Peer 1: 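Have a look at the structure that comes next, please.
Each chain gets a letter, A, B and so on, in the order the sequences are listed, and its residues count up from 1. What you see below is based on every heavy atom in this structure, not just the backbone, and it leaves out hydrogens, waters and symmetry mates. Owing to the predicted nature of the structure, the values given are computational and were not obtained by experimental measurement.
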There are 2 protein chains.
Amino acid sequence: MADTAGTRRPGRRLEHPRAGEIRVDAVLHALADPVRLRIVRDLADGHEDMACIAFALPVSKSTSTHHFRVLREAGIIRQYYEGTSRMSRLRTEDLETRMPGLLGAVLNAALLAEREDAAAVPAPSDGER
Amino acid sequence: MADTAGTRRPGRRLEHPRAGEIRVDAVLHALADPVRLRIVRDLADGHEDMACIAFALPVSKSTSTHHFRVLREAGIIRQYYEGTSRMSRLRTEDLETRMPGLLGAVLNAALLAEREDAAAVPAPSDGER
DNA sequence: CAACTCATACGATAATCATCGTATTACGAT
DNA sequence: ATCGTAATACGATGATTATCGTATGAGTTG
């Protein structure tokens, strides 16, 4: 296979906005969807690089692809190919530069809301007393 | 005018979510629209109480009403009647409790983006030298 | 009461978007 | 080369939404 041996040759070019092109509207819109917010939370939750398949999303694969693209085009994640898989990682630094504190505030708010929901509905399979 | 003299008698009941009912998704979605973000920025920009008419929005009046309702139902603003006018104010404290730092981060990011745009296009009617 | 003003409600419309299924591409392994 | 896997592209579809114009309601002032 000649020159494809150990080098990184992306089969398809993935379009990313440059850091300076990240728009507030697009970021907020991207984060406003529950599925995409879930993806971002999972990424922030320690799994820095994950294949799309690794997310247990309640949608079909094509829909999943769509959501990853929205996140990528908004400048929230960076994606690259690793074999047939596509890895995603948060563009934490770029976001922090353009919108200081925004991502952290959103993640924290989502966490607070989740805790509150858990407290309100005490997990029937594990009811506390 | 009987009992309407100095008392507050709202002509129409305005529905507001309670602080605990404010949802992250709804807030992000509400802020993702440029017209609504403009409203929120104006409100945050010192004008704590403004009538809807006081905003110079690039949309019709009915559309304006629609956007104010979205903001209100998301829990971002509180509205009350003052005569025939309707006043709006940010629910800063409620938002800060539910989503600490979020509103501030969004406002700051919008400000940064605006400054950058202004720098990129040096205002032809007022070109600096 | 009548006129005026601010805002709403009610459709209507066009655009955006989330979702899906299926066919296809890219890559790795057999 | 053939197969399998991961993901995309391509429509298609239904839901949501941003927008508007017009008619209506509520309040103030003549």
Peer 1: Nearest to the side chain of Thr63(B), which nucleotide is it out of dA7(D), dC20(D), dT8(C)?
Peer 2: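 The answer is dC20(D), which lies nearest to the side chain.
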
Peer 1: Base, sugar-phosphate alone, or nothing: which one does His67(B) contact when heavy atoms must sit under 4.0 Å apart?
Peer 2: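 The answer is sugar-phosphate, as His67(B) gets under 4.0 Å only of primed atoms, P, OP1 or OP2.
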
Peer 1: Nearest whole angstrom, please: distance from the C1' of dT8(C) to the CE of Met87(B).
Peer 2: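 In whole Å, dT8(C) C1' and Met87(B) CE are 17 Å from each other.
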
Peer 1: Check whether any side-chain N or O of Arg36(A) sits under 4.0 Å from OP1 or OP2 of dA18(C), and answer yes or no.
Peer 2: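 For dA18(C), OP1/OP2 do have a side-chain N/O of Arg36(A) under 4.0 Å.
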
Peer 1: Pick the closest DNA chain D nucleotide for Val70(B) and for Ser62(B) by heavy atoms, then say which residue is nearer the 5' end.
Peer 2: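 The residue mapped nearer the 5' terminus is Val70(B).
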
Peer 1: Please give, in whole Å, the distance from dT16(C) P to Asp33(A) CG?
Peer 2: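 The answer, rounded to whole Å, is 18 Å.
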
Peer 1: Charged N to carboxylate O under 4.0 angstrom, Glu15(B) versus Arg72(B)?
Peer 2: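 Salt bridge: no.
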
Peer 1: So does Arg41(B) pair up with Glu114(B), basic N to acidic O under 4.0 Å?
Peer 2: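 Yes, this pair counts.
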
Peer 1: Using a heavy-atom cut-off of under 4.0 Å over every strand shown, decide if Ser85(A) touches base, sugar-phosphate, or nothing.
Peer 2: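 If one applies the 4.0 Å heavy-atom cut-off, Ser85(A) turns out to touch the sugar-phosphate alone, with no base involved.
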
Peer 1: Given that His29(A) and Ser60(A) both sit by DNA chain C, which one's nearest nucleotide is further toward the 5' end?
Peer 2: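 Taking each residue's closest nucleotide, the earlier one in sequence belongs to His29(A).
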
Peer 1: Which of these passes side chain to side chain contact (heavy atoms under 4.5 Å, CB included) with Arg38(A): Val40(A), Val35(A), Asp42(A)?
Peer 2: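 Passing option: Asp42(A).
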
Peer 1: What is the distance from OH of Tyr81(B) to P of dA7(C), rounded to the nearest Å?
Peer 2: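 Answer to the nearest Å: 9 Å.
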
Peer 1: Report the nucleotide, chosen from dT28(D), dC20(D), dC20(C), that has the shortest atom-to-atom distance to any side-chain atom of Thr84(B).
Peer 2: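 For Thr84(B), the side-chain atoms sit closest to dT28(D).
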
Peer 1: Consider only side-chain heavy atoms of I, L, V, M, F, W and Y, link residues closer than 4.5 Å, and tell whether Ile76(B) and Val70(B) are in one cluster.
Peer 2: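 Shared cluster, no.
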
Peer 1: Over how many whole Å does the gap from Leu37(A) atom CG to dA18(C) atom C1' extend?
Peer 2: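 Computing the Leu37(A):CG to dA18(C):C1' distance gives 16 Å.
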
Peer 1: Take the protein atom CD of Glu73(B) and the nucleotide atom P of dT8(C), then report the distance between them rounded to whole Å.
Peer 2: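 My rounded result for the distance is 12 Å.
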
Peer 1: Provide, to the nearest angstrom, the distance between the NE2 atom belonging to His66(B) and the P atom belonging to dA18(D).
Peer 2: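 Atom NE2 in His66(B) sits about 4 Å away from atom P in dA18(D).
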
Peer 1: Do Ser60(B) and Thr63(B) meet the criterion of a side-chain donor-acceptor pair at a distance under 3.5 Å?
Peer 2: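 Side chains of Ser60(B) and Thr63(B): pair found under 3.5 Å.
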
Peer 1: Just how far, in rounded Å, is C1' of dC20(D) from CZ of Arg69(B)?
Peer 2: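 Roughly 15 Å, once rounded to whole Å.
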
Peer 1: May I have the distance from Leu14(B) (atom CG) to dA9(C) (atom P), rounded to whole angstrom?
Peer 2: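 Result: 9 Å.
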
